[in-house]
A.B. asks: 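The structure is given below, and queries will be raised subsequently.
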Amino acid sequence: MLVTMKNGARTEQVMRVRDCAERSGLRTKEIHSAAGSLVIGLVGDDSLCPMGLEALEGVESVEKEKHPFKLASRQYQNHDTIVRVGDEVSIGGQKIVVIAGPCGIESEDQLLDAAIAAKDAGAKILRAGLFKPRTSPYGFQGIGLAGLGILEKVRDETGMLLETEVLHTDQVKLVEPFVDMIRIGMRNMQNFDLLRAAGRSEKPVILKRGCSATLTEFLLAAEYILNEGNPNVVLCERGIRTFMTETRNTLDLNSVPLLKSMTHLPVIVDPSHGTGVYSLVTPMSRAAIAAGADGLLVEMHPHSETALSDKAQQLTPADFRTLMAQVSAVAGAVGRSM
Ligand code: PEP
Ligand code: MN
């Protein structure tokens, strides 16, 4: 619920509304609306909302939110969230941020070569997957914790910021000292324990859209993280399951401007898993930035012909450089820069 106070409502009147809601088990968030009036958001289970709030002195109106999510909604925060990664990178501002690297870490040399190529081409964060969530139990499952030392080495040698996917709650604390961002993948978008664990993390979180999730479900998943106190969530569109068989997924670029209107959180796009097709990665990257995405998550492998996973979609370093040049031109055309 959103309680709008009358202009000039007194502090004690505001306190009374807050007390009343908090006694019913809700949390309150003060929001200054665009019209300048004070709005109090009631965070929690709406069915606990006390009756008769409208009748309290100083209250102008009480209305239900447009969406079932709250903290993720623009009704609760109209200005864009800017997620800081490390000391120098911000996602959600004027600059487009590109995250690139292999599907999974295979060896120290592979990650180091990928990091150097990504950095040289202008990527700001390195994809560095230790744990691979694979459809088949026979597929490459990732190097696992044995790769932590590789993360450390690559970080020291290149100064790149790193992100990695976590598959279960225990991994959050384990990877935290080694990376600058954690990622929750498509398959775990509704792993609520994992979302809560990420919500208790100090690190920013990339949350990928489930392949059959509506945007409301996606934002309710983000709400789990926000509700635990971590405000630094970056949403990632990575394609949805449709009748199409020519591509791995259908990259739903409608979601970019739609999400931007529904939420203040930054939105990035993964054209690699979104298409699964090498030749589509660069055109769909251009399209994503034209549609208003704040960044990209791109798979690039120094020797993609030998990749242990997702061979069909990982760019070579040379093609990744071309992608960066083209995306930079599109960014300029839509008032952004790299
Ligand atoms: C990934 O980015 O490594 C990945 C597994 O993607 P998704 O969760 O979108 O399938
Ligand atoms: Mn992959």
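No hydrogens, no waters, no symmetry mates; every other heavy atom, side chains included, goes into these values. The chain is numbered in sequence order, starting from 1. All ligand and atom numbering here is 1-based and tracks the order in the structure.
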A.B. asks: Side chains of Ser285 and Gln326: any donor to acceptor distance under 3.5 Å?
C.D. replies: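 Gln326 vs Ser285: no donor-acceptor pair found between side chains.
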A.B. asks: Less than 4.0 Å between a side-chain N and a carboxylate O, is that true for Arg16 and Glu57?
C.D. replies: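 Salt bridge: no.
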A.B. asks: Can you check whether Ile182 reaches Glu163 side chain to side chain, under 4.5 Å on heavy atoms?
C.D. replies: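 No. Closest side-chain heavy atoms not under 4.5 Å.
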A.B. asks: So Leu194 and Val172, side chain to side chain contact (heavy atoms under 4.5 Å, CB included) or not? Walk me through it.
C.D. replies: CA-CA 8 Å; Leu194 188 57; Val172 175; 4.1 Å; yes
A.B. asks: Could you enumerate the protein N, O or S atoms under 2.8 Å from the Mn ion (ligand 2), written like residue then atom name?
C.D. replies: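 Those protein N, O or S atoms (cut-off: under 2.8 Å from the Mn ion (ligand 2)) are Cys103 SG, His273 NE2, Glu299 OE2, Asp310 OD2.
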A.B. asks: So which of Ile268, Ile184, Asp270, Ile91 actually passes side chain to side chain contact (heavy atoms under 4.5 Å, CB included) with Ile206?
C.D. replies: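 Only one option passes, and that is Ile268.
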A.B. asks: Go through Gln94 and Ser337 one step at a time and tell me if the side-chain hydrogen bond (donor to acceptor under 3.5 Å, both in side chains) criterion holds.
C.D. replies: CA-CA 7 Å; Gln94 193 268 348; Ser337 62; 2.8 Å; yes
A.B. asks: Please list, by chain and number, the protein residues whose heavy atoms come under 4.0 Å of ligand 1.
C.D. replies: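 Contacts of ligand 1 under 4.0 Å: Arg127, Lys132, Pro133, Glu165, Arg183, Gly185, Met186, Arg187, Lys208, Arg238, His273.
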A.B. asks: Any salt bridge linking Arg336 with Asp294? Criterion: basic side-chain nitrogen under 4.0 Å from a carboxylate oxygen.
C.D. replies: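 Answer for the salt bridge query: yes.
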A.B. asks: Write out all pairs satisfying ring-ring contact (aromatic ring centres under 6.0 Å, His included) with one or both partners inside residues 245-279, taking only residues at least two apart or from two chains.
C.D. replies: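 Qualifying pairs: none.
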A.B. asks: Could you tell me which residues satisfy side-chain hydrogen bond (donor to acceptor under 3.5 Å, both in side chains) with Arg134, sequence neighbours excluded, listed by chain and number?
C.D. replies: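 For Arg134, no residue satisfies side-chain hydrogen bond (donor to acceptor under 3.5 Å, both in side chains) once neighbours in sequence are set aside.
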